[in-house]
Amino acid sequence: MALMKTGVIALFDVDGTLTAPRKAVTLKMLQFMKELGKVVKIGVVGGSDLVKISEQLGQTVITDYNYVFAENGLVAYKDGKLIGTQSLKTFIGEENLKAIINFILHYIADLDIPIKRGTFIEFRSGMINVSPIGRNCSQEERDEFERYDKIHNIRSKLVSLLREKFAHLNLTYSIGGQISFDVFPQGWDKTYCLQYLDEFTEIHFFGDKTYKGGNDHEIYESERTHGHTVTSPEDTMKQCTSLFLDN
Ligand code: M1P
């Protein structure tokens, strides 16, 4: 029987690492994680909120993994229990929040893109998520926007403007998915979750967007982690097998 490696945790990004972007986890990956969990502690850190992480990884996600960090760890769970939350509203204050939300909504109202749907700003615990097309779009519309954005840089243009206009708020703008970007205070990136992992001497982080500007970059580069770049969920399984499961 495989022995549990003490002091070691494998920590995974969600989109592109455990699942295809915004898709549900496969049975194969679920079974793999079960086997891996017999050898090392396992955790998940996603930019999305818990609702979306649960849609992708299953409704029992907070008990399936030792740690689940939603919104980069701004909402943190250990063994099924909530151990910490952080509030953007309290941190930057109601007036600043209103100013940035008003600016974004005006900008998006004037934006000429092929289609728009609903929910242009999603208010979360520790961040806001901004989507020029609107989060209510279908999967097909989502894929189409991603292609359009690659050519027209809709998101990065808005991010540049926000960086300039709200420089005094020291916010980070993170383009981690297909149709939106996350806005949160500096330092509230995925490294935020590491404060909950002091008991571990070896933290292996697996993510696909580890390049500079990607939302896995800071935690991948952190001196507290061993960073691993993956290209797909299959690659995640392959790299974990050779690191933790092969003798
Ligand atoms: O996990 C990456 C991102 O996933 C979603 O992005 P999108 O809807 O644009 O594909 C969002 O939940 C976003 O917050 C998150 O960072």
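Numbers here simply count residues along the sequence, with the first being 1. Note that ligands are numbered from 1 as they come in the structure, with each ligand's atoms numbered from 1 the same way. If you're wondering where the values come from, they're calculated on a predicted model, not measured in any experiment.
Listed as neighbours of ligand 1 are D15, R22, G47, S48, K52, R124, N129, R135, R142, G176, G177, Q178, I179, S180, D182, N215, each bearing a heavy atom under 4.0 Å from the ligand.
Taking the six-membered ring for Trp and thresholds of 30 and 60 degrees, F145 and Y148 have ring planes inclined between 30 and 60 degrees apart. F200 and Y67 have perpendicular rings, their planes meeting at more than 60° on a 0 to 90° scale where under 30° would count as parallel.
Not less than 6.0 angstrom separates the ring centroid of H228 from the ring centroid of Y220. Remark: aromatic rings of Y65 and F12 are distant, center separation not under 6.0 Å.
A donor-acceptor pair under 3.5 Å is formed between the side chain of R155 and the backbone N or O of Q178.
When all heavy atoms of P132 and I179 are compared, the closest pair comes out as CD-O, 3.5 Å.
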